There are 4 protein chains.
Amino acid sequence: MARKEVPSLVKDEKLIQKRRGEMVKAAVNLFKENGFHRTTTREIAKASGFSIGTLYEYIRSKEDILYLVCDSIYEGVREKLNEQIGMTEGSIDHVKKAIAVYFNVVDEMQDEVLVMYQEVKSLSREALPYVLKKELEMTEIFEELIKQTVEQGELDLCEEEVKLLAHNILVHGQMWTFRRWSLRKEYSLEEYTKMQTHLLLNGVKNKSFT
Amino acid sequence: MARKEVPSLVKDEKLIQKRRGEMVKAAVNLFKENGFHRTTTREIAKASGFSIGTLYEYIRSKEDILYLVCDSIYEGVREKLNEQIGMTEGSIDHVKKAIAVYFNVVDEMQDEVLVMYQEVKSLSREALPYVLKKELEMTEIFEELIKQTVEQGELDLCEEEVKLLAHNILVHGQMWTFRRWSLRKEYSLEEYTKMQTHLLLNGVKNKSFT
Amino acid sequence: MARKEVPSLVKDEKLIQKRRGEMVKAAVNLFKENGFHRTTTREIAKASGFSIGTLYEYIRSKEDILYLVCDSIYEGVREKLNEQIGMTEGSIDHVKKAIAVYFNVVDEMQDEVLVMYQEVKSLSREALPYVLKKELEMTEIFEELIKQTVEQGELDLCEEEVKLLAHNILVHGQMWTFRRWSLRKEYSLEEYTKMQTHLLLNGVKNKSFT
Amino acid sequence: MARKEVPSLVKDEKLIQKRRGEMVKAAVNLFKENGFHRTTTREIAKASGFSIGTLYEYIRSKEDILYLVCDSIYEGVREKLNEQIGMTEGSIDHVKKAIAVYFNVVDEMQDEVLVMYQEVKSLSREALPYVLKKELEMTEIFEELIKQTVEQGELDLCEEEVKLLAHNILVHGQMWTFRRWSLRKEYSLEEYTKMQTHLLLNGVKNKSFT
DNA sequence: CATGAATGAGGATTCATTCAT
DNA sequence: GATGAATGAATCCTCATTCAT
């Protein structure tokens, strides 16, 4: 299950990439503002700078745009992540750094991430798996990192806990976007990162009671 | 900002409660299947067992239904929570029990909870605050419980960490619904609860490295 | 073609008159504001002070209300007219006085007259003739008066001109309502009456050119 | 307050004019028959020969059609008027001819004129002033003509009377449409024109009594 | 007589998509 | 390849009227 191919009437592959890039950019902004369902294809065409007819030269349906948007956002996040996390042997410091990098990326792309978090479910049963797959791959990045750290003996977790911790990290990142109405009032990104990292890794129990 | 009142053309308050209950029930099932936007008012009317005209005797707009759905789900969750968590002095065991109860409730109402978290964003700017308020109130239940546990000296957390931990608990409950496509394959609810509780409270660091 | 009977489910004739009076009064106010089509039967019932069910005890359809309204307005105008114009032998002074009285009545009932002028056409083909009949009867009042004045030798008009002059008087009265957006800026009722009377009776030609 | 612009989704201005012309023509016929409120947008679309979707490419709302209808009728009347009345110096003969021309135009367009006077009131508070403005402009055509005739010394009227006479001429033209149920039985257009002109200009007083 | 809940046909409007130019 | 006019199914909502209580 590799990336799902979205067919186009246009042959020139370069042009397809370029036009789709413009479409996606425009669409994200509109989805951000009004959501997928309340955004019309006409609006997307207009904001992309070409006609509705042209829009349909590069996609088959409105849903294709949503798919491309989701796909593009995942690629964006992963790319930024890869740029900054060297995949070396695991250590607690590596994990901490990876979390910080990831939270930073989410913060930079918060609108995009929020759009995706809120709109994936509008994908058809056919397209959804492709996107969930990407989400899983992202989880696996952290899973791998944690697993290595466990193997280095720096963390004490069984296999299931490794998976779950990876999930938690991912979700804590998304949480920064979908609960921002509350979290932003309380914490800066730095504070949030620091505290979540602490809670994730150190837990909360008062030592005297352990 | 108490509960937002949804006006009705019908005068009999009892009847309003009854009919709206039926509407909400039908709507949840439909939203679950197709989402808010893809569900038509006629479908809701039909599934509720009355005519479209009658539907509009009890609400003003389709969005009212969504609001009522969200409201009803929050009340459902909170009610079940209150039934089972006595608000006594805080202790780690209390917190653990509260988490377990909450996760159980979320699991029982997973369809409803999922619908709500996926569709709140479709509420108008006017109605949204009322629902977010409810979410905050739920967070505060846990916040209070944790704060008391800290005061009892059983947990070692600053005020901001208390808040954040409460958020995390809430989100981990939701996570059980919105990431169920992945989590269900790996864990049963019991396992999930046990492991999340452990990670939340004990952290992950290998003691020898602390 | 006497007055059209509007059937009612209620037997008590007194009550019918009373209730219908309330209905008509409420309806006129609403029609004045929003027109016949934009006014709902519910609004009329509410403004009349009884339930929608009760409304339909006294009329068969929404159009019945419009008919009653038109009928009532004509009766109102005619009654006031009869009160003040003794039907004696004709004379120019009588005609002048009658015009003044009529314009006064129209001014007092301007909202009602305007409503009628604007909404009669919404009556069904069945009801319309009854109302036009009333209009004609009003015209005939003036026609008769003018005819007598001609017979007295005070006016020099053929039979067709008599009819037309009567029409003109009627219309100049209605005109005070349906062109009030313009006329009111220019003239007071007294000025309007004086000038119209002058134009109607004396014409405009410069004598030196006659 | 120039002509109110009605926006269209279509860009080709020529096409807009053409299509709107077709729409207006169809709409007038339907309004004539059933009135504005009883005519559906679907009927208008069908009678215009295009789909409901296409209709809404050229207007924003049903009310826009009514506005276009009114606007178009005014333009029609004015155009025909301008074709036939050379705006030269005023004289009684000019005024008489203008009245005859105007009554003729009204007669030719009687359905349109009737529709307009019966339906303007359905225009929104926003659009109404634009249409009343046009009515005023028409009045001013006659006002100007009469004023010049007064200046030529052929008529003996003060300024207010000039205005009012212009109003009267306009209204007598309309009267030929909205009272045709009665007038047509009595007079041909020629008779009506001749008699109204006579009454308007010469008055009715028996000279021996003046 | 009075009430008001229930009904559902009907109506305005939107919008994804197509296709001739 | 690009354009944008045309389409019509789909959708939300209204409101006159009925009828059981």
Side-chain angles (χ1 to χ4, degrees), chain A residues 8-12 15-16 19 37-46 49-65, chain B residues 8-12 15-16 19 37-46 49-65, chain C residues 8-12 15-16 19 37-46 49-65, chain D residues 8-12 15-16 19 37-46 49-65:
Chain A
S8 165
L9 294 176
V10 176
K11 301 293 162 205
D12 183 339
L15 199 51
I16 294 179
R19 291 274 192 268
H37 282 104
R38 284 205 258 258
T39 300
T40 69
T41 51
R42 270 174 148 117
E43 285 168 344
I44 297 171
K46 189 169 184 189
F50 31 78
S51 72
I52 184 68
T54 302
L55 189 81
Y56 275 87
E57 297 275 312
Y58 293 92
I59 50 144
R60 290 163 311 171
S61 69
K62 190 183 173 190
E63 206 211 295
D64 276 352
I65 303 177
Chain B
S8 165
L9 294 177
V10 174
K11 295 178 176 178
D12 184 336
L15 197 53
I16 294 178
R19 290 278 186 266
H37 282 104
R38 283 205 258 263
T39 301
T40 70
T41 51
R42 278 186 144 88
E43 283 168 344
I44 298 171
K46 192 168 185 187
F50 29 74
S51 71
I52 184 68
T54 302
L55 188 80
Y56 277 90
E57 293 272 305
Y58 293 91
I59 51 141
R60 292 164 307 174
S61 67
K62 191 183 173 190
E63 205 212 295
D64 275 351
I65 302 177
Chain C
S8 164
L9 295 175
V10 176
K11 301 294 160 204
D12 184 339
L15 199 51
I16 294 179
R19 291 274 191 270
H37 282 105
R38 284 205 258 260
T39 301
T40 69
T41 51
R42 269 172 149 120
E43 283 168 344
I44 297 171
K46 190 169 183 190
F50 31 77
S51 72
I52 183 68
T54 303
L55 189 81
Y56 275 87
E57 297 274 313
Y58 294 92
I59 50 145
R60 290 164 309 170
S61 69
K62 190 185 174 189
E63 206 213 293
D64 276 352
I65 303 177
Chain D
S8 166
L9 293 177
V10 174
K11 296 178 176 178
D12 184 337
L15 197 54
I16 294 178
R19 291 278 186 265
H37 281 105
R38 282 205 258 264
T39 301
T40 69
T41 51
R42 280 184 144 90
E43 284 167 344
I44 298 171
K46 193 168 184 186
F50 30 74
S51 71
I52 184 66
T54 301
L55 189 80
Y56 276 90
E57 293 272 306
Y58 292 91
I59 49 139
R60 290 164 308 173
S61 67
K62 192 183 173 189
E63 206 211 295
D64 275 351
I65 302 177

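Here is the naming used below: chain letters follow the sequence lines, and residue numbers restart at 1 for every chain. Remember, it's a predicted structure, so these values are computed and weren't measured experimentally.
- If you take CZ of A:Phe50 and P of F:dA2, they are 9 Å apart, rounded to a whole angstrom.
- Atom CD of residue D:Glu43 and atom CG of residue D:Leu55 lie 12.0 Å apart, to the nearest 0.5 angstrom.
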Both distances under 3.5 Å, Watson-Crick or G-U wobble: on that basis, could you give the dot-bracket string for DNA chain E, with [ ] for crossing pairs and | for other-strand partners? .||||||||||||||||||||

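- Residue-level contact check: B:Leu15 touches the backbone only, with heavy atoms under 4.0 Å from sugar-phosphate atoms and none from bases.
- In terms of phosphate contacts, B:Tyr58 brings a side-chain nitrogen or oxygen within less than 4.0 Å of OP1 or OP2 of E:dA6.
- The distance from atom OG1 of B:Thr39 to atom CD1 of B:Ile44, rounded to the nearest 0.5 Å, is 6.0 Å.
- Taking 4.0 Å as the cut-off between side-chain N and carboxylate O, D:Glu57 and A:Arg42 count as a salt-bridged pair.
- When the P atom of F:dG8 is taken as reference, atom NZ of D:Lys46 falls 12 Å away, rounded to whole Å.
- A:Ile59 contributes atom CD1, which lies 11.0 Å from atom OG1 of A:Thr54 (distance to the nearest 0.5 angstrom).
- C:Glu43 has its CD atom 8 Å from the P atom of F:dC15, to the nearest Å.
- Within the 4.5 Å cutoff, no side-chain heavy atoms of B:Asp64 are placed close to those of B:Tyr58.
- We find the NZ-OG1 distance between C:Lys46 and C:Thr41 to be 13.5 Å, quoted to the nearest 0.5 Å.
- Summarising the geometry, the separation between NZ on B:Lys11 and P on E:dA2 is reported as 15 Å, rounded to the nearest angstrom.
- In terms of heavy atoms, B:Val10 sits closest to B:Ile16 at O-CD1, 3.2 Å.
- Across every non-hydrogen atom of A:Tyr56 and A:Lys62, the tightest pair is OH-N, 4.2 Å.
- Using a 4.0 Å heavy-atom cutoff across all strands shown, C:Leu9 reaches no nucleic acid atom at all.
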At under 4.0 Å between heavy atoms, which parts of nucleotides 14-21 of chain E does protein reach? Answer with one letter per nucleotide, 5' to 3': B base, S sugar-phosphate only, - none. BSBBB---

